[in-house]
Protein chains: 2
Amino acid sequence: MPQSEPPQPTGHPPLGEISNLPLSERIADQVREMILNGDLGPGAPLVEIALASSLGVSRAPVREALRILSLDGLVETIPYRGTTVRGLSRRDIEGLHEIRTLHEGFAIRRIVRAGRHGDLGDLAAQCDEMDRIAQSGDLRALNLVDERFHRSLIERAEHDLLTSFWRTIAMQVRQVMAMRNRRIADAALIAANHRRILETIVAGDADGAALLLEAHVADGTDTVLASWAEGDAS
Amino acid sequence: MPQSEPPQPTGHPPLGEISNLPLSERIADQVREMILNGDLGPGAPLVEIALASSLGVSRAPVREALRILSLDGLVETIPYRGTTVRGLSRRDIEGLHEIRTLHEGFAIRRIVRAGRHGDLGDLAAQCDEMDRIAQSGDLRALNLVDERFHRSLIERAEHDLLTSFWRTIAMQVRQVMAMRNRRIADAALIAANHRRILETIVAGDADGAALLLEAHVADGTDTVLASWAEGDAS
DNA sequence: TAGTGTTACATTGTCGACAGTCGATTGTTG
DNA sequence: CAACAATCGACTGTCGACAATGTAACACTA
């Protein structure tokens, strides 16, 4: 499922990126943002013709977009029946975080084993930024940096398939995050957690870092599940 | 990417499933088999119009089929440029087996932790079948049972996301397997390996089983990589 | 009233045609 | 002859229209 779209080192830094991407991908991006921001709740139907006319395009690119989203695991399609935003059950969320822990732990061990844990400057910079944001109390920004931190960690493992799987995982994590409202009080704690995890990795203690990370993720999971008011089943 | 299709407890148990699937999915199945059997080697271009006329259908379902295959990780699509059968580099194969080991180990630990390792009768039956096939020397059948054994193991973990990821993994493993010719001499050894892994799980020794499995997979990987004549890069 | 045909409707699946994009080839110019 | 522009061809991307499918509501029968 490689659909990556890295920075693309073109030589022209500031030149507002003319969207040369196929229409279908732009549509996918747009609908994805809607889902990930919670504008489209679980179970919401995605009717092709409605989306098409709403966006002023034909059904063909909309169909492709929905296919891409189903590839991302954000959407469920039943033949001849339609496409809906995927609902997440309590079980799904628990499973998601288990898998997430598994993959991040693997990434950490791989980084350390390859001896690359000395060179994690950008991660440190992201921790700094997290500290700053934690004080400002901008929870939305915090989520973004949080996501970027973990993505960087995965990418540092330099494992294509892992990165590819992470795409799916991160997407669903973000969808889950959209369901809850983090409290400002948590922000500082979260920043500290990441700092400690990073430091443990740099120290070369892969297993220790994996444990810290597991605790950190489990904490987030508990927060989500606590505010789980008998939600939808999938 | 949930594509599960459980037993569906309708009231009418035995009523053999009419193939009501959309054309696009049937096309995807067909092309997938071609790739997995090696009829379409890595790098082979999949031209929509050619496939369409060759199958006697329009381009639309073919396009959808190619999307599905790209979802399976069997195919690479570059916008406006076309779709080709994915080539696997040495690095890819190594990474694939790492990820595979990671997931199967997770499955084993989960099964044991949930205390379900006492009830693995179907796996034992598959071991029996493997023994029988090993004597007959039918390598093609051996691969099939092998795949089914590992799939059963994953499914026993009862973890939706894991199962979903496994779909991708198994697909690529099978593609790799299509590249090599197993020797008959290995067959008995392979059957014995599986038997031992299963017994270790049943005994409740998750870590031991995971180690055995890692060795088994690593062995297969080495066999593949050994017969690697400076193959294609991806 | 329980169960079974029937019909209408909303939505997806498929089709053939046209427009857009990219790489390669050819032609042009210094 | 090298570097660049125009052209060509093959292919994918998009479009609007039609066909196939599934659901729900309704009428019908026993």
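These figures come from a predicted structure and were not determined experimentally. Here is the naming used below: chain letters follow the sequence lines, and residue numbers restart at 1 for every chain.
Taking atom CD of A:E64 as the reference point, atom P of C:dT14 lies 13 Å away to the nearest angstrom. Counting to the nearest Å, the C1' atom of D:dC11 and the CG atom of B:L46 are 13 Å from each other. Going from atom CZ of A:R63 over to atom C1' of C:dC15 covers 12 Å, rounded to whole Å. Distance B:L21 CG to C:dT14 C1': 16 Å, rounded to the nearest Å. The CD1 atom of A:I27 sits 12 Å away from the C1' atom of D:dC15 (whole-angstrom rounding). The CD-C1' distance, from A:E76 to C:dT12, rounds to 17 Å in whole Å. Rounded to an integer number of Å, the gap from B:L23 CG to C:dG13 P is 11 Å.
Counting only distance, with no hydrogens or angles, the side chain of B:D219 and the backbone of B:H216 share no donor-acceptor pair below 3.5 Å.
Using a 4.0 Å cut-off between a side-chain N of Lys or Arg and a carboxylate O of Asp or Glu, B:E158 and A:R91 do not qualify as a salt bridge. Classification of B:R32 and B:D29 as a salt-bridged pair holds, one side-chain N sitting under 4.0 Å from a carboxylate O.
The six-membered or imidazole ring of B:F165 lies away from that of B:H159, with a centre-to-centre distance of 6.0 Å or more.
Distance check: B:L120 CG to B:Q126 CD gives 10.5 Å after rounding to the nearest 0.5 Å.
Under the side chain to side chain contact (heavy atoms under 4.5 Å, CB included) criterion, B:A141 pairs with B:I133, B:D138, not counting sequence neighbours. Residues forming a salt bridge (Lys or Arg N to Asp or Glu O under 4.0 Å) with A:D122 (at least two apart in sequence, or on another chain): A:R156. In this structure, A:H97 has no ring pair (Phe, Tyr, Trp, His ring centres under 6.0 Å) partners at least two apart in sequence or on a different chain.
Residues in residues 37-51 of chain A take part in these salt bridge (charged side-chain N to carboxylate O under 4.0 Å, His left out) pairs, two or more places apart or across chains: A:E48-A:R59, A:E48-A:R63.
Contact annotation for B:L66: no contact, since no heavy-atom pair falls under 4.0 Å across all strands.
Near DNA chain D, defined here as any heavy-atom distance below 4.0 Å, the residues from residues 48-60 of chain B are B:E48, B:R59, listed numerically.
The side chain of A:S24 places no N or O atom within less than 4.0 Å of a non-bridging phosphate oxygen (OP1 or OP2) of D:dG13.
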Listing time: all N or O pairs from protein to nucleotides 20-24 of chain D that are below 3.5 Å?
residue : atom : partner : partner atom : Å
D:dG22  : OP1  : B:N20   : ND2          : 2.8

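Of all nucleotides listed (C:dC15, C:dG13, D:dC11), D:dC11 comes nearest to the side chain of B:V47.
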